[in-house]
Amino acid sequence: MTKKLVLIDGNSIAYRAFFALPLLNNDKGVHTNAVYGFTTMLLKILEEESPSHMLVAFDAGKTTFRHKTYEEYKGGRQKTPPELSEQFPLLHELLDAFHISHYQLEQYEADDIIGTLARQAEKEDWEVKVISGDRDLLQLVSNHITVALTKKGITNVENYTPSFMKEKMDIIPEQIIDLKALMGDSSDNIPGVPGVGEKTAVKLLNQFENLDNVYANLDEVSGKKLKEKLENNKEEAYMSRDLVTINIESPIEIGIEDVIYKGYETPSVTHVFRDFGFNSLLERVQSDEERSEEAVEALPAFDVKIVEEVTEDMLAETSALVVEMLGENYHYANIEGIGLVNDNGAYFIPTEMAFQSSTFIKWAEDESKKKWVFDAKKTFVLMQRQGIHMKGIEFDLLIASYLINPAENYHDIPSISHRLEKKGVAFDEDIYGKGAKVKVPEQAILADHVGRKTNMLYGLKEQAEEHLRENSQWELYHELEMPLSIILGVMEHTGVSLDVERLENMGEELQKRLADIEEEVYELAGESFNLNSPKQLGPILFEKLELPVVKKTKTGYSTSADVLEQLRDQHAIIPKILLYRQLGKLQSTYIEGLLKVVDQESHKIHTRFNQALTQTGRLSSTDPNLQNIPIRLEEGRKIRQAFIPSQEGWRIFSSDYSQIELRVLAHISNDTKLIQAFNNGEDIHTQTAMDVFHVEKDDVTDMMRRQAKAVNFGIVYGISDFGLSQSLGITRREAKKFIERYFESYPGVKAYMDDVVQDAKQKGYVTTLMNRRRYLPEITSRNFNRRSFAERTAMNTPIQGTAADIIKKAMIDLYAALEDEKLEARMLLQVHDELIMEAPEHELDTLKELVARVMEETVSLEVPLEVDYAYGNTWYDAK
DNA sequence: CGGTGCACGC
DNA sequence: GACGTACGTGCACCGG
């Protein structure tokens with residue numbers, strides 16, 4: 001078997017990883033992003049290449065033999081940031097754990113070590129793979145040596161073989177040094193021939209093959225200027241060539257046979273991963289079984305009593321409660337058992353036992369018996385499904401954790417306890433398995449795990465509450481999110497009625513139309529293919545039909561709607577594809593999708609609102625997502641005709657805040673002009689156009705209003721000049737100008753934007769009206785993109801988040817008002833700035849007045865809040 | 001089973 | 001000048 005040598009340019013990959021990833025800290029406060037990125041790359045290489053020999057080469061010190069030739073070599077280069085330097089020792093530690101050789105040599109660079117070994121291996125007919133981000137290494141490419149250059153991110157590479165180089169760069173590997181000699185390399189401060197760039201250099205090499213021939217035949221070089229430049233910089237060119245030439249005879253003390261790689265041993269690798277805090281990588285080096293066994297074995301002893309009957313002595317004044325189920329959808333999942341922990345002990349109550357016990361049910365419904373839970377809404381719904389009206393929920397760890405830091409991806413009990421370094425509970429995955437392998441374990445194991453989670457929950461309450469108070473988030477937690485959680489639970493459990501028959505009819509109709517359009521498309525294309533596959537559609541449009549390529553994606557041609565829109569008039573196939581896409585979306589996502597999740601018996605849909613997910617405080621909706629039901633295009637809007645009241649004689653009632661985000665902006669920026677704009681009662685986009693373009697109302701053209709609207713949209717969603725240019729189809733420069741003009745018109749808004757960014761830089765986070773918090777660590781990033789994104793987020797989150805706060809409070813107020821007024825009307829859905837309800841016909845008059853008043857008065861801002869409402873027989877008609 | 005491209009809402 | 005650009009969810013495809 002041929003041997004395979006993998007050579008990694010350690011510095012290059014570490015650099016790449018460092019700049020590609022945010023500055024991660026491990027729990028010891030040491031930066032680990034470069035090591036982390038390097039590790040992901042390493043794991044990928046090991047998997048894909050299965051090397052028999054391997055070495056990671058590093059640059060040694062500041063000076064190299066090249067500096068003797070040219071003092072300014074690599075001059076002007078930014079100093080290695082200390083946050084990166086400190087990671088190199090960790091990198092060495094990591095490689096040792098993997099039993100991978102690493103090497104550096106005084107006065108030489110990693111390139112030279114790689115070159116020397118690569119050529120040695122080549123002679124022995126080994127296969128060689130070099131991994132780096134440095135294009136200089138391409139000079140090594142040969143039939144035996146492939147160079148993988150990082151493309152984007154860290155693990156994304158492009159493999160350079162001689163034929164690939166010819167195709168992509170139009171040169172052969174041996175010409176790389178001559179190429180660099182001519183064009184230079186600003187990053188290494190290599191001069192080359194001034195004024196000669198890549199294009200000219202390639203042209204010259206195509207004509208003359210190499211540098212020597214260029215100079216030997218200077219007369220034949222076309223262009224007087226170019227000739228002069230070459231003539232005057234001959235010395236520089238040759239020096240540049242020397243500098244970029246890799247030394248393939250470096251005096252290294254190791255040979256290819258020394259860098260044998262026999263694979264790593266899991267224990268040493270898992271040890272460093274743990275040490276560095278790379279928990280997410282553990283599963284890549286351990287089998288699921290290994291990891292789960294280890295996790296379970298590491299747990300301290302814990303005793304949980306499996307009860308045979310619920311008795312009073314188990315039910316203290318205050319208890320942690322976990323109603324355990326597998327899967328996600330608590331509207332349908334089975335309950336596997338119940339964990340109960342309080343000062344009297346830790347108990348596991350088998351499902352049947354609990355729900356047949358009047359003692360347990362009485363306790364659950366007793367408001368004065370306090371319950372601490374994880375996910376109050378889920379717990380509430382699970383109980384509700386058993387006919388139990390749970391009361392007395394006093395603490396919800398999920399919501400607390402989310403409010404403390406919404407950026408955490410995992411808010412489950414084991415994850416939280418891990419973060420707080422409290423051992424004592426395994427991850428669900430380690431107990432139940434994952435994916436298709438999920439199953440309920442035997443009762444003793446189940447009881448132990450549920451008991452441990454419940455116990456952890458019991459122990460975490462105090463710390464979480466303290467944290468909330470420190471953050472001034474107690475009110476947000478206690479008066480807003482906690483009550484809302486139960487209201488959302490009621491809404492979800494109530495569900496929305498669906499006119500199944502109507503939806504099925506629409507589906508049949510649509511199916512016919514789709515089949516017809518599909519046929520027409522194949523006719524126009526001259527062949528049939530999978531129209532749902534962008535990968536197959538691309539070549540048809542841009543190769544066979546030779547339509548102009550507007551945009552490319554990383555995997556091929558872009559066929560997105562905005563691209564097709566630009567091609568609309570160029571071929572009859574385009575409008576048909578667009579229509580097919582539009583209707584196909586309706587069919588698959590909305591018609592088939594909704595029919596798949598509707599309750600077969602009640603014909604109701606029970607979505608789940610995720611209250612602990614978005615970074616801004618908005619809700620999200622899943623299974624199904626009822627927050628993105630079509631409205632913009634009439635065709636899609638008809639889907640709403642299938643959403644109907646649950647009872648005869650009832651109506652769907654919909655109310656929404658008008659321009660809530662811009663009103664919030666007016667309030668928090670206290671901008672006089674913007675406040676005036678709202679008090680003026682004029683359409684806000686028209687008003688913005690008047691202010692930005694300095695024209696009277698009658699002189700606002702459709703174009704002006706459209707642009708003003710896009711700018712307002714941009715302000716609300718925190719998009720960039722690029723984003724605005726995309727949405728208006730204008731250049732970035734023009735978009736930037738619009739934004740500037742907007743800020744000139746509303747100086748208070750400008751001042752707010754500046755302040756909030758400053759404030760975020762200083763504090764590290766931004767807040768909303770009700771003290772919702774979002775941390776923005778990247779606001780001090782040296783990476784322009786990351787920093788800009790964080791800045792826009794700083795400006796946008798208080799706006800969007802405050803709007804979210806307001807509608808949440810309105811929901812609480814409205815829920816109470818409906819109860820007070822003893823109305824049957826009930827909330828069904830929330831769509832960010834809109835509430836959808838159902839109500840008996842006779843309540844509509846009361847409701848109109850009540851809903852608008854409650855929503856408008858839930859908070860008092862510097863500008864009035866305005867609510868529009870409508871009602872009808874279906875959601876469609878409530879417009 | 002996870003990544004990608006696309007499309008829907010706010 | 002780089003780099004990739006509001007937030008979500010869900011579908012189909014496709015390659016491993």
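Letters A, B, ... are given to chains in the order of the sequence lines, protein chains preceding strands, and every chain is numbered from 1.
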Q: Taking atom types as modelled, find out whether A:T688 and A:N712 have a side-chain donor-acceptor pair closer than 3.5 angstrom.
A: yes
Q | Criterion side chain to side chain contact (heavy atoms under 4.5 Å, CB included) against A:V598, the qualifying member of A:L503, A:V496, A:L498 | A | A:L498
Q) Only one of A:T858, A:L488, A:I806 forms a side chain to side chain contact (heavy atoms under 4.5 Å, CB included) with A:M811, so which one is it? A) A:L488
Q) Does anything in residues 620-632 of chain A reach DNA chain B, meaning a heavy atom under 4.0 Å, and if so which residues? A) A:Q627, A:N628, A:I629, A:P630, A:I631, A:R632
Q.
Check this for me: does the side-chain of A:R732 come within 3.5 Å of the base of C:dG1 through a donor and an acceptor?
A. no
Q | Secondary-structure stems for DNA chain C, with pairs counted as Watson-Crick or G-U when both distances are under 3.5 Å and runs at least 3 long | A | B:1-9 with C:7-15
Q. When you list every nucleotide of DNA chain B with an atom under 4.0 Å from a heavy atom of chain A, which one comes first 5' to 3', and which comes last?
A. B:dC1 to B:dC10
**Q.** Inter-residue atom distance A:I799.CD1 - A:L665.CG, 0.5 Å rounding
**A.** 4.5 Å
Q: Supply the atom-to-atom distance A:I45 CD1 to A:I13 CD1, rounded to the nearest 0.5 angstrom.
A: 6.5 Å
Q: May I ask you to check whether A:Q800 and A:E661 show a side-chain donor-acceptor distance below 3.5 Å?
A: no
Q: Check each of A:Q830, A:K809, A:Q611 against A:L484 using the side chain to side chain contact (heavy atoms under 4.5 Å, CB included) test, and report the only one that passes.
A: A:Q611
(Q) Which residues in residues 794-811 of chain A have a heavy atom closer than 4.0 Å to any atom of DNA chain C? (A) none
Q. Does A:Y742 have its ring centroid less than 6.0 Å away from the ring centroid of A:Y746?
A. yes
Q. Using a cut-off of 4.0 Å on non-hydrogen atoms, how would the nucleic acid contact of A:E661 be classed: base, sugar-phosphate, or nothing?
A. nothing
Q: Could you give the distance separating C:dG4 and B:dT4 at their P atoms, to the nearest angstrom?
A: 13 Å
Q: Mind checking A:T559 for me? I need base, sugar-phosphate or nothing, with any heavy atom below 4.0 Å counting as a touch.
A: sugar-phosphate
Q.
Checking side-chain polar atoms at under 3.5 Å, does A:Y330 have a donor or acceptor matched by the opposite partner on A:E492?
A. yes
Q: Using heavy atoms and a sub-4.0 Å distance, could you list which residues of residues 719-730 of chain A are near DNA chain C? By number, please.
A: A:I719, A:S720, A:F722
Q | Near-strand residues of residues 785-792 of chain A, defined as heavy-atom separation under 4.0 angstrom from DNA chain C | A | A:N785, A:F789, A:R792
Q) How far does the P atom of B:dG5 sit from the matching atom of C:dT5, given to the nearest Å? A) 12 Å
**Q.** Shortest side-chain distance from A:L613, nucleotide among C:dC11, C:dG8, C:dC14
**A.** C:dG8
